[in-house]
Q: 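Below you'll find the structure I mean.
If you're wondering where the values come from, they're calculated on a predicted model, not measured in any experiment.
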Amino acid sequence: MTATYSDAQLDALREVANIGSSTAATALSSMTGISVTVSTPHARAMALADAIEYAGPGETVVTTILIPVVGDLDAIVLMVLQPETEAAACRLLGVEQDSEVGVSALLELGNILGASYLGALVTLTALRLEPTPPEMVRDMLAATLASALLIDVREEIVFVLESTLSIASHQCSPMFLFVPTRGSVDDILKRLHLTA
Amino acid sequence: MGELAVSGAAKDVLTTIGLGSCVGLVLLDSSRSTAGLAHVVYPHSTPDTRSGGQPAKYADTVVPALVGAMGRLGSLRGALEAVLVGGARMFAFVRAPELDIGSANVDAVARALAQAEIPIRISLTGGSIGRSVRVRAAGGLIAIREAGTANRVYSTAGGLLEEVASG
């Protein structure tokens with residue numbers, strides 16, 4: 001299924017992510033008071049089942065921030081934090097993992113990054129897209145992702161963005177999944193002047 | 001996802017991990033030591049998807065497909081017992097009943113089993129937790145794990161499918 005999208009199309013999506021990354025870096029720097037850089041070196045389009053497998057062992061309990069998106073098209077943005085990534089994120093944000101503050105900091109992190117990616121997509125496509133309040137789930141990776149991707153979506157292509165946050169020499173790499181509803185992938189590509 | 005497997009071999013373990021809203025359907029025939037497992041994704045097939053050759057993916061087509069596969073191992077429908085695992089609602093924001101695929105999947109599989117007159121012996125379904133299931137045909141052993149907990153093990157060894165251990 002990956003072959004459905006050309007390198008040029010995936011490059012364009014990675015560019016969207018990179019523009020979003022710089023917005024996110026600015027927001028995170030002002031939130032933490034420390035200089036934060038965000039990069040998104042990889043953008044991939046995958047079949048749903050492949051994306052779940054790619055994300056890691058299905059039984060591992062991971063933390064997922066889910067942001068439903070409404071507007072001209074419905075979509076879901078997911079941020080997946082493997083256990084070690086979650087610990088790194090909490091260290092970067094200066095909060096204690098599993099504490100109330102830790103949870104709200106992770107929600108905020110997902111919100112900032114997710115909203116930044118969406119903002120870039122909105123700017124480049126002129127689509128109206130709005131994030132709704134995020135929700136956090138800690139459960140088996142496959143159970144979380146499959147269930148999120150199956151909610152009213154039924155699009156079997158998922159965009160996977162791997163981003164890296166850096167503060168000084170510390171890094172953490174959450175994975176983002178952007179799951180548009182059926183048909184809207186082509187709409188997005190058309191608006192990026194990359195008709196499928 | 002959407003696949004099925006059957007086995008009558010002692011060494012085989014049929015596995016599906018990380019079931020959220022999806023349902024794992026286990027069929028056991030303790031008299032012949034055979035087992036089947038299907039990973040059901042959606043409650044209803046459509047004419048479009050029915051031609052796709054993945055009957056296990058849909059609750060309304062999975063039961064005949066799995067019963068048929070068990071039949072090829074020599075197991076008759078009347079000897080089968082069922083176990084249902086999964087069908088959770090993983091996200092609180094899913095409030096609209098039509099978006100709660102998990103409970104729709106459980107209901108649809110249960111209806112199809114009733115139609116086929118196959119009794120459900122164990123149902124570890126619903127709630128908001130992910131689950132895995134592992135099945136060994138020999139001895140009718142089933143291990144079910146919920147996220148962050150130990151396996152619960154069930155067996156048909158005593159004649160009835162019952163919980164024998166956890167850990």
Q: Quick one: do the A:T63 and A:R138 side chains pair a donor with an acceptor below 3.5 Å?
A: yes
Q: Kindly give the cluster partners of B:L76, where membership spreads through any ILVMFWY side chain lying under 4.5 Å from a current member.
A: none
Q: Could you tell me which portion of B:M90 (side chain, backbone, both or neither) has an atom closer than 4.5 angstrom to a non-hydrogen atom of chain A?
A: both
Q: When you compare the side chains of B:R121 and B:Y154, does any donor N or O come within less than 3.5 Å of an acceptor on the partner?
A: no
Q: Would you say B:T61 and B:S45 are linked by a side-chain donor-acceptor pair, where the criterion is simply a distance under 3.5 Å?
A: no
Q: Side chain from CB out, backbone as N, CA, C, O: work out which of these in A:L145 comes under 4.5 Å of a heavy atom of chain B, or both, or neither.
A: neither
Q: Apply ring-ring contact (aromatic ring centres under 6.0 Å, His included) to residues A:F178 and A:Y117 and explain how you reach the verdict.
A: CA-CA 9 Å; A:F178 178 71; A:Y117 288 138; 9.3 Å; no
Q: Using a 4.5 Å heavy-atom cutoff, which residues in residues 85-92 of chain A come close to chain B?
A: none
Q: Can you tell me how far CG of A:L28 sits from OG1 of A:T23, rounded to the nearest 0.5 angstrom?
A: 10.5 Å
Q: Quick one: list whatever passes side chain to side chain contact (heavy atoms under 4.5 Å, CB included) with A:L124, sequence neighbours left out.
A: A:V16, A:I19, A:L192
Q: Where on B:L19 is there a heavy atom nearer than 4.5 Å to chain A: the side chain, the backbone, both, or neither?
A: backbone
Q: If you link I, L, V, M, F, W and Y whenever their side-chain heavy atoms are under 4.5 Å apart, who else ends up in the same group as B:V23?
A: B:L4, B:V6, B:L25, B:L27, B:V40, B:V62, B:V63, B:L66, B:V67, B:M70, B:L73, B:L80, B:L84, B:V106, B:V109, B:L113, B:I118, B:I120
Q: Heavy-atom cut-off 4.5 Å, strictly under: side chain, backbone, both or neither for B:R131 against chain A?
A: backbone
